[in-house]
Amino acid sequence: MGSMTEPAAVKTRRTPRPLDVDLGGAELRAICETMVLSRALDERMWLLNRQGRAHFTISCQGHEAAQVGTAAALRRGEDITLPYYRDLGVVLWMGMTPREVMLSFFARADDPNSGGRQMPNHWGHAGLRIISGSSPVGTQIPHAAGVALAAKIRHEPTVTAVYFGEGTTSEGDFHEGLNFAAIHRLPVIFVCENNGYAISVPRHKQMATATVAERAAAYGMPGIAVDGTDVLAVYRVMRRAVDRARSGQGPTLIDTRVHRFTPHSSDDDDRVYRPPEEVESARQQDPVEKFRRTLVQHDLLTTAQDHELRERVAAIVEDAVVFAEQSPLPAAADLTRHVFAESGRR
Amino acid sequence: MAIKTYREALNEALREEMRRDDRVLLLGEDIGVFEGAYKVTAGLLAEFGDRRVKDMPIAEAVIAGTAIGAAMLGLRPVAEMMTVNFLLLAMDMVVNHAAKLHYMFGGQTTVPLVIRTPGGGGHQLAAQHSQTLDVYFAHVPGLKVVAPATPADAKGLLKASIRDENPVIFLENLALYNTRGEVPDGEYLVPIGKAAISRPGNDLTIVGWSRTAPMALEAANRLAAAGIDAEVIDLRSLRPADWETVAASVRKTTRAIVVEEGWLSFGPGAEVVARIQDLAFDYLDAPVQRIAGAEVPAPYAKSLERVSLPSADDIVRAAQRMLPRRRAA
């Protein structure tokens with residue numbers, strides 16, 4: 001109840017809850033910008049695919065808070081990520097540039113992910129400590145356990161974060177990787193982006209448990225379910241998991257509940273297995289809009305800043321598309337390059 | 001007899017066998033409401049229900065392992081693996097179990113299952129979606145391996161595979177799903193282990209299977225216009241393979257080209273060449289030529305993928321090298 005003496009304009013505005021994060025305004029705006037940029041790049045990729053200018057894409061839309069919220073708790077250039085094919089928000093936060101993203105999307109010779117060899121959105125960037133993903137799902141989970149084992153053996157303070165969908169948790173690799181990481185208290189965080197669909201197969205045909213998080217108990221590690229549309233809730237959970245991992249207390253499983261706003265990939269039509277209303281209702285929980293509203297409510301994003309951010313993102317996307325589309329294709333003469341290591345190089 | 005696609009022919013075979021034998025059940029990822037990643041199971045959930053059309057978790061080892069268990073208990077499971085690339089995640093189940101249980105049980109149980117899966121490249125799906133791994137399966141005693149090239153063979157071989165008492169690896173190809181051809185209605189079986197002569201000829205034998213069989217046929221038709229009369233053998237089955245049909249052809253033509261989509265080294269093509277020299281050495285007038293995919297992981301970029309795959313052009317060039325005097329014809 002507002003005081004009767006307050007002006008009417010203020011009366012309608014409730015005092016927002018404190019944000020309760022160790023992040024300043026600039027950092028929060030950077031998180032917001034990465035989320036907006038992820039969405040904008042992703043939407044452009046669909047458009048370009050539908051225009052026939054690019055062969056394939058697979059989407060992050062609806063997952064941005066889970067991705068950027070977890071990545072924001074990591075140390076750029078030091079911590080290691082093993083993203084899966086939806087994790088545009090993760091790789092942007094870890095330092096991949098929009099131009100690099102588009103070089104990969106258009107399979108250009110200068111694509112730092114693979115020089116046009118790997119499918120788009122299968123991110124890999126040694127300089128940014130991003131390890132290349134896989135099309136058979138879940139194989140990155142044992143890799144992450146191995147990476148974390150190496151960091152521990154070498155006494156490096158590195159934390160490893162590995163990402164996957166809930167369908168992947170049905171694979172044996174999930175069980176084998178989590179079990180091993182827990183036995184040796186490895187500094188690794190398992191991040192599930194739980195959107196309820198593995199292509200067409202709904203969650204209840206993938207597992208009999210209500211959450212992925214509860215499986216953690218069987219491995220002897222904490223399992224935390226979190227609203228994956230709330231970037232700061234995700235960040236808080238990840239922050240604790242990172243502290244735990246870095247201080248030698250071992251792995252954590254984080255189950256982020258998200259929505260997939262798009263079909264599985266540009267080759268899929270999701271109308272055959274889920275009603276459009278379901279997606280429409282999920283869009284009411286749009287993580288990008290939700291966070292923008294939060295920042296506005298807390299006076300951390302002014303109308304002018306918001307406008308400037310959108311303009312900047314639009315220009316960045318446009319620049320990346322033009323730059324990448326005009327870049328050279330991989331030369332046929334280079335077909336066999338990288339099948340084996342080149343001598344004298346490491 | 002009607003013109004159907006390879007995909008429709010497979011669907012028809014599954015439907016007919018499920019109607020004929022209620023022990024036949026389907027297991028796979030996205031095969032129910034979604035009707036399969038390549039729509040081969042279209043309409044089957046609606047007709048047969050989820051007791052017989054099972055959407056499986058993403059767990060290839062469980063798909064193959066469940067099929068093995070169900071087969072040992074008397075059902076006739078047909079498992080769909082989304083692609084042959086993902087079948088690698090179930091290789092222990094296939095090689096150590098499906099292929100060996102009958103033998104290790106001293107013949108007390110059979111494992112009558114079919115694993116259907118597409119392979120092949122050309123669709124810009126890159127290294128982990130585009131492989132041709134025929135040899136991985138054809139190498140293993142205890143498995144039968146078939147690789148149909150035409151819609152009719154797709155139907156006839158799938159029906160025969162479902163009725164076979166042994167585990168059958170049924171290799172489909174992404175590039176063939178939309179190809180069309182005449183398909184006999186109703187009861188139509190193609191025996192496993194029998195090659196087809198897709199085009200008779202006298203100057204040269206071209207051996208292919210799966211996608212390289214129509215590729216060989218296309219090359220042969222172009223060669224005919226240049227005065228070279230090639231015989232095309234479609235192996236259809238890799239294990240058991242019909243070596244006698246291949247040898248009989250080479251004894252007649254005295255020259256052979258073997259074409260495969262997978263990598264050259266240690267591939268099934270090497271086996272074909274070895275059998276030819278074993279069974280028809282004295283008849284050969286030239287070394288057998290081999291055409292295969294480039295030995296690289298399949299690249300995504302179109303500019304690279306295009307040069308990594310074999311083509312009818314490659315076959316025509318090889319034939320003209322083998323028969324230079326007719327080149328001008």
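What you see is a predicted model, and the numbers here were worked out from it, not measured in a lab. Numbered from 1 within each chain, the chains take letters A, B, ... in sequence-line order.
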Report task. Hey, could you give me the CG/CZ distance between A/Asp270 and B/Phe34, rounded to the nearest 0.5 Å? Result -> 9.0 Å
Query raised in the report: Between the main-chain N or O of B/Ala301 and the side-chain N or O of A/His55, is there a donor-acceptor pair closer than 3.5 Å?
Result: no
Requested in this report: Please report the shortest heavy-atom distance between B/Gln128 and A/Gly133, naming the atom on each side.
Outcome: OE1-O, 4.4 Å
Report summary line: Most contact-rich option vs chain A, by heavy-atom pairs under 4.5 angstrom, among B/Ser308, B/Ala126, B/Ala294, is B/Ala126
Report summary line: One option among B/Val62, B/Leu125, B/Leu89 has the most heavy-atom pairs under 4.5 Å with chain A, and it is B/Leu125
Report task. With a 4.5 angstrom heavy-atom cut-off, could you sort out which part of B/Ala298 is near chain A: side chain, backbone, both or neither? Result -> backbone
Query raised in the report: Run the side chain to side chain contact (heavy atoms under 4.5 Å, CB included) check on A/Val272 and B/Glu35 step by step: do they pass?
Result: CA-CA 9 Å; A/Val272 303; B/Glu35 305 187 324; over 6 Å; no
Query - Pick from A/Thr336, A/Ile199, A/Asp268, A/Leu329 with the largest number of heavy-atom pairs that fall under 4.5 Å of chain B - result: A/Ile199
Report task. Any chance you could lay out the side chain to side chain contact (heavy atoms under 4.5 Å, CB included) test for A/Met119 and B/Gln124, step after step, and finish with the verdict? Result -> CA-CA 8 Å; A/Met119 291 185 83; B/Gln124 275 196 276; over 6 Å; no
Report summary line: Cut-off 4.5 Å, heavy atoms of chain B, and the answer for A/Ser114 is neither
**Report entry** Region of A/Ala333 in contact with chain B, defined by heavy-atom distances below 4.5 Å
**Finding:** neither
Query raised in the report: What is the minimum heavy-atom distance between B/Tyr300 and A/Ala107, and which atoms define it?
Result: CD2-CB, 3.4 Å
Query raised in the report: For A/Ala332 and B/Leu304, which heavy atoms make the closest approach, and how far apart are they?
Result: CA-CD2, 4.1 Å
Query raised in the report: Which heavy-atom pair separates A/Pro330 from B/Ser303 by the least distance, and what is that distance?
Result: O-OG, 2.8 Å
Query raised in the report: Hey, does A/Tyr273 have a side-chain heavy atom less than 4.5 Å from the side chain of B/Asp30?
Result: no
Query raised in the report: With chain B, which of A/Met207, A/His122, A/Lys205 has the greatest number of heavy-atom pairs at distances under 4.5 Å?
Result: A/Lys205
Report task. Using the side chain to side chain contact (heavy atoms under 4.5 Å, CB included) rule, take A/Ser200 and B/Val33 through it: C-alpha gap first, then chi angles, then the decisive distance, then the call. Result -> CA-CA 8 Å; A/Ser200 75; B/Val33 176; 5.6 Å; no
**Report entry** Verdict with supporting geometry, A/Gln206 and B/Ile58, side chain to side chain contact (heavy atoms under 4.5 Å, CB included)
**Finding:** CA-CA 8 Å; A/Gln206 206 67 242; B/Ile58 310 183; 3.8 Å; yes
Report summary line: Here the gap from A/Asp267 atom CG to B/His123 atom NE2, rounded to the nearest 0.5 Å, amounts to 10.0 Å
